[in-house]
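Quick note: residue numbers are just sequence positions, from 1. Every heavy atom of this structure was used, including side-chain atoms; hydrogens, water molecules and symmetry mates were not.
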Amino acid sequence: MAPTAKLLLADLASSGVKQIPSNYIHPISDRPNLSDVQISDGSIPLIDLHGLNGPSHSTIIEQIGQACQRDGFFQVKNHGIPEEMISTILNIARQFFKLPESERLKNYSDDPTKTTRLSTSFNIKTEQVSSWRDFLRLHCYPLEDYVHEWPSNPPSFRKDVAEYCTSVRGLVLRLLEAISESLGLERDCIDKKLGGHGQHMAMNYYPPCPQPELTYGLPGHTDPNLITILLQDHVPGLQVLRNGKWMAVNPIPNTFIVNIGDQMQVLSNDRYKSVLHRAVVNSDKDRISIPTFYCPSPDAVIGPPKELVDDEHPAVYRDFTYGEYYEKFWNKGLVKECCLDLFKPSNNTT
């Protein structure tokens, strides 16, 4: 098999390519410009959740509200997910991507409607330029509907990933209550807006790249879902757009990065912002990141609660179903223009 005929990037990258194939090269005006990226350990707030159910409750709610409003991103520590579980999930992801090519390819599909699939880049059927990553995408709520589809190799994959998904969902539900409260709403308000709820996760694998200045792991985009909980390994790669500048968010062990997705921006009636972010790659180290995407069910109708709409603050977007939104996002691809603009009343074409 010629190197360029590989289905997965990991197998192309490990074949010793010295130059990236042309389909990965971005136009000069749209390259990462890595020397212009700002590096700051305090680039996004780090919030300690330890006292969320105790005396620090109101302080933490205020910190979360400020972070959602100003940054769209924050990090959490003392989140209740054990270090051992974090280490296990990162190890199992690394083991999966180190399996022989033939074993990994058992999970391969380029059909974005499949609920468990291994693929590469973003949407290889529609995109103009490829992204330097492979990914395993899993639907994981309700667990019993999907676990049987998941890879059975490594042998403990299903057990370890199921336990992780359950723990992360618990963290998400606590954060949704806190975010509701920070908006002045009842604690269960956002929860009730989501219909049957949905939870997906990805295991992203970014191989070393011989020309990282020409491409992206993922180009700038906002997340179409409600809220994302990101676990990264020790290798930097995530960057967030802040005040028109890209900021590197360097990993802090045993923390999670939380970012507001497009649906939260709608539910908050634009008080909270879904922010552009991207993944860059490097020439010497591979990188693993594991985002959990929490979302409404496809039939859930998304719109702000009545408490956030009045004469001075009319609804910014028309109501829509999450299924309608997600389809537009997937077909549009990863572009810097957020899909939300398509749902402003002035753009109503339905």
Angle class for the Tyr164/Phe256 ring planes (parallel below 30°, perpendicular above 60°, tilted otherwise)? tilted
I'd like to know if the side chain of [X] pairs up with that of [Y] as donor and acceptor (distance under 3.5 Å, no hydrogens or angles considered).
| X | Y | answer |
| --- | --- | --- |
| His79 | Asn254 | no |
| Arg287 | Gln232 | yes |
| Asn225 | Gln263 | no |
| Gln211 | Tyr24 | no |
| Ser180 | Glu186 | no |
| Asp110 | Ser119 | no |

Please check if the side chain of [X] supplies one atom and the backbone of [Y] the other of a donor-acceptor pair under 3.5 Å.
| X | Y | answer |
| --- | --- | --- |
| Asn282 | Pro208 | no |
| Arg158 | Trp150 | yes |
| Lys273 | Asp270 | yes |
| Trp132 | Pro207 | yes |
| Ser121 | Ser130 | no |

Please examine the side chains of [Y] and [X], heavy atoms only from C-beta on, and report whether any two atoms are closer than 4.5 Å.
| X | Y | answer |
| --- | --- | --- |
| Tyr146 | Pro142 | yes |
| Leu8 | Asp11 | yes |
| Ile20 | Cys209 | yes |
| Ile44 | Gln75 | yes |

Following the transitive rule for hydrophobic clusters with a side-chain heavy-atom cut-off under 4.5 Å over Ile, Leu, Val, Met, Phe, Trp and Tyr, establish whether [X] and [Y] coincide in one cluster.
| X | Y | value |
| --- | --- | --- |
| Met203 | Leu105 | yes |
| Val281 | Phe135 | no |
| Val301 | Val266 | no |
| Val129 | Ile25 | no |
| Val235 | Leu218 | no |

With sequence neighbours left out, what residues match [X] under salt bridge (charged side-chain N to carboxylate O under 4.0 Å, His left out)?
| X | answer |
| --- | --- |
| Glu149 | none |
| Lys77 | none |
| Lys114 | none |
| Arg94 | Asp233, Asp286 |

Indicate every side-chain donor-acceptor pair of residues 84-92 with a distance under 3.5 Å to a residue at least two apart or in another chain.
| residue | atom | partner | partner atom | Å |
| --- | --- | --- | --- | --- |
| Thr88 | OG1 | Glu84 | O | 2.8 |
| Asn91 | ND2 | Ser87 | O | 3.2 |

Pairs satisfying ring-ring contact (aromatic ring centres under 6.0 Å, His included), at least one member in [range], at least two apart:
| range | value |
| --- | --- |
| residues 50-70 | none |
| residues 257-276 | none |
| residues 187-210 | Phe97-Tyr205, His139-His200, His197-Tyr294 |

If you apply the rule side-chain contact (heavy atoms from CB on, under 4.5 Å), what do you find for Leu49 with Leu171, and how did you get there? CA-CA 10 Å; Leu49 298 183; Leu171 172 60; 3.8 Å; yes
Calculate, to the nearest 0.5 Å, the distance between atoms [atom1] and [atom2] belonging to [X] and [Y] respectively.
| X | Y | atom1 | atom2 | value |
| --- | --- | --- | --- | --- |
| Tyr108 | Leu136 | OH | CG | 13.0 Å |
| Leu340 | Ser274 | CG | OG | 6.5 Å |
| Ile61 | Gln66 | CD1 | CD | 12.5 Å |
| Gln265 | Ile302 | CD | CD1 | 13.5 Å |
| Thr255 | Asn78 | OG1 | CG | 11.0 Å |
| Arg242 | Leu276 | CZ | CG | 14.5 Å |

Residues [X] and [Y] bridged, charged N to O under 4.0 Å:
| X | Y | answer |
| --- | --- | --- |
| Glu324 | Arg318 | yes |
| Lys6 | Glu101 | yes |
| Asp111 | Arg117 | no |

Listed partners of [X] passing ring-ring contact (aromatic ring centres under 6.0 Å, His included), at least two apart:
| X | answer |
| --- | --- |
| Tyr141 | none |
| Tyr325 | Phe320, Phe343 |
| Phe293 | none |
| Phe157 | none |

Minimum-distance pair of heavy atoms, taken over all atoms of [X] and [Y]:
| X | Y | result |
| --- | --- | --- |
| Ser297 | Gly196 | OG-N, 3.0 Å |
| Asp71 | Val275 | O-CG2, 3.2 Å |
| Ile60 | Leu52 | CD1-N, 3.4 Å |
| Pro219 | His26 | CB-CE1, 4.4 Å |
| Pro32 | Val280 | CB-CG1, 4.3 Å |
| Asp134 | Ala10 | OD2-N, 2.8 Å |

Going through the checks in order, is the side-chain contact (heavy atoms from CB on, under 4.5 Å) test met by His277 and Asn259? CA-CA 10 Å; His277 54 285; Asn259 70 279; 3.8 Å; yes
side-chain hydrogen bond (donor to acceptor under 3.5 Å, both in side chains) between Thr222 and Asp262, worked out: CA-CA 7 Å; Thr222 62; Asp262 295 348; 3.0 Å; yes
Do other residues, nucleotides or ligands put more than 12 heavy atoms under 6.0 Å from the CD atom of Gln19? no
For Arg133 and Thr120: C-alpha separation, side-chain torsions, deciding distance, then whether side-chain contact (heavy atoms from CB on, under 4.5 Å) applies. CA-CA 6 Å; Arg133 74 155 186 166; Thr120 193; 6.0 Å; no
